[in-house]
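So you know, we letter chains A, B, ... as the sequences are listed, proteins then strands, and number each from 1.
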2 protein chains.
Amino acid sequence: MTPTIKDVAAHAGFSIATVSRAINAPHTVNPVTLEKVRQSIDALNFRPSPLGRQLRGERTRLIGVILPTIANPVFAECLQGIDELAAAHGYRLMLMTTQYDAERERHAIETLREQRVEGLILTVADADTHPLLDDLDRAGLLYVLMHNDTVRRPSVSVDNRLAAHDGVRMLIAHGHRRILMLAGTLAASDRARLRHLGYAQAMQQAGLTPAPALEIDFNADELAPSVLAHLTNGPNRPTALFCSNDLLAMVVMRGLRRARLQIPTDMSILGFDGLAMGELLQPPLASICAPNREIGCAAWKRLMARIDGTYTDASLALTLPHALREGATIAAISNTSEAPRIRSMQPLV
Amino acid sequence: MTPTIKDVAAHAGFSIATVSRAINAPHTVNPVTLEKVRQSIDALNFRPSPLGRQLRGERTRLIGVILPTIANPVFAECLQGIDELAAAHGYRLMLMTTQYDAERERHAIETLREQRVEGLILTVADADTHPLLDDLDRAGLLYVLMHNDTVRRPSVSVDNRLAAHDGVRMLIAHGHRRILMLAGTLAASDRARLRHLGYAQAMQQAGLTPAPALEIDFNADELAPSVLAHLTNGPNRPTALFCSNDLLAMVVMRGLRRARLQIPTDMSILGFDGLAMGELLQPPLASICAPNREIGCAAWKRLMARIDGTYTDASLALTLPHALREGATIAAISNTSEAPRIRSMQPLV
DNA sequence: CTGAAAGCGCTAACAT
DNA sequence: ATGTTAGCGCTTTCAG
């Protein structure tokens, strides 16, 4: 059916070894022979089977990608970046999702190892304490983490702590003092932890009291009554919500609207991720933007550098810059009783 | 490094053939032997290499997925469905995106063929006239189309014409008479064509005059002045816009807002796709919903059925039901000069 | 410069 | 019930 190297050899009247050399080391073969072989290749429309090469222990040109989900555009955007570079470099991508499940993470890694991927680009729940990553190190399977914010392993991310810190500082600069952080139920990630840390530090530095992150059920149509009570409860209600990601922010915005709260008049909202989608909202969502596509691209480049052995950078973690997108979901609070005066702030960033 | 079948054989004191049988046909081997082999497998943590099997001409357990982009959640949602079933059935997914580019479509198909995928799930621009799909048929490589609305090939889709027809009828039932269809610049797909056909038929059946689809630049921040003129121009301006997909609808909504038009008061908007995201908008986007995840799942099942040879269904195309999501972006037009009376309509669907 | 042959990990006749 | 062997498509010594 599909022609093999044998067919080409027969057609050209040479051995399969010569055909192989004509393909992989053209300079080592007589130009005349080379030409004949090439013609046979064209005539038969032969393309060397990756399978043979892969089995032979050559490079598989396979890269594994493991993501929590692609339903969240954050990861879809990263994947776009990876895919673009992979296509340009003749690599094939094998994709597996974990739905944030540890057992599926394990299974994905094992499956991709079996398939002899040359490297792995992945996002895990918690990078620092992940035993499987130690296994990879031990086995010599190269990988680069994406969005995992750790200095202990090869990774590409924004500085989640600092980014959250900047964002919350900005809220404070707008006069907010009672700022609550909201997180999804799958919040046991290094990202979520660091974002909350940044929030807490920004609060403390402004002499304010940070609160634990309030967990929100992502899938519920409405906000839980207990949550709503928290958000609307009397004079101590928060004036601003820092949501640990944009999807959550959107769900919260909808929930608040259903509860007849105006955004940003009654409540300011700040998201995290910088989803393109957010700008299309009304009002456009303020967010701490991670360069998701670039994170994917950078992870690819790092992985390639590790594979090529040109990875000489001493530091494991690559931190990409974040940006504040000041959408219209944030209102300034000027002279309410809670924030009696506009304090002078040092410039942001 | 990684143990091979040889290592297991040596460890267990049997031949590699016996080990292979212990794995693939346990009943043909002596229970005692079987147990020993299994212990060796466990001891060495052996997992048979897919590569050897694949080269041997066995099933590769590889499925190729080709999508225009995963930046559009429509495709990400499909992919989620596919991925879920693939993981459950022990298949691996190889993903390639085309960015709606014919050459990249060709390249993706060729690459995946070389890799000996057992089948292909893909979305192409225009299924009917696609020569590469004929090649696949000829080569016997099994595939199922997703979102390509054609009766000529194995496919899973909604009835784009009917869905658009229903949607536009609904607009008309709400009193709209001047309804314009908007399409993205990459509109040369069978989907877009059929959606416009449905629009045109609905208009004609109501005695209204359909217009050609107006092309919108997806990426521009604002709507082009010429477009804006079209939409706001005097008494003949449209009162409702049917957007060929939800992402476009969102961009248009933002553009209209920037031009100080109120939605739905000044303009009603109907999208197509039923993105989950749309419900989070303000106002929630009315849309013709395709069951994207289910389309992915159904495509998977069809492909598996074709591979297993249990695909006895006579019809090539599987049409999944669409649904109208009547968001708040549609206003009723009752007694304006343009629509002097509410005409009685037959019930919708 | 070219060819013969070994071998990557595995399965499937064919023997025993 | 188990072992031997050939071969999937390819690359790579090693000879010539």
The contact string for nucleotides 7-16 of chain C, one letter per nucleotide 5' to 3', using protein heavy atoms under 4.0 Å with B, S and - for base, sugar-phosphate only and none, comes out as BBBBBBB---
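If you take NE2 of A:His27 and P of C:dT2, they are 13 Å apart, rounded to a whole angstrom. Distance CZ (B:Phe14) to C1' (D:dA1): 10 Å, rounded to an integer number of Å. A:Ile41 has its CD1 atom 13 Å from the C1' atom of D:dC10, to the nearest Å. The interatomic distance linking A:Arg59 (CZ) with D:dT12 (P) rounds to 12 Å, in whole Å.
Side-chain atoms of A:Glu105 and A:Tyr100 include no donor-acceptor pair closer than 3.5 Å. For the 3.5 Å distance criterion, the side chains of B:Gln54 and B:Arg116 fail to qualify, holding no donor opposite an acceptor.
Under the 6.0 Å distance and 45° angle rule, A:Arg306 counts as a cation-pi partner of A:Tyr143.
When the salt bridge (charged side-chain N to carboxylate O under 4.0 Å, His left out) test is applied to B:Arg106, the partners found at least two apart in sequence or on another chain are B:Glu103, B:Glu110.
A:Glu114 and B:Arg47 are joined by a salt bridge, as a carboxylate oxygen and a charged side-chain nitrogen come within less than 4.0 angstrom of each other.
Side-chain nitrogen and oxygen atoms of B:Thr33 include none within less than 4.0 Å of the OP1 or OP2 phosphate oxygen of D:dA1. Contact check, A:Ser15 against C:dG3: a side-chain N or O comes under 4.0 Å of OP1 or OP2.
Within the 3.5 Å criterion, the main-chain N or O of B:Arg61 finds a donor-acceptor partner in the side chain of B:Glu118.
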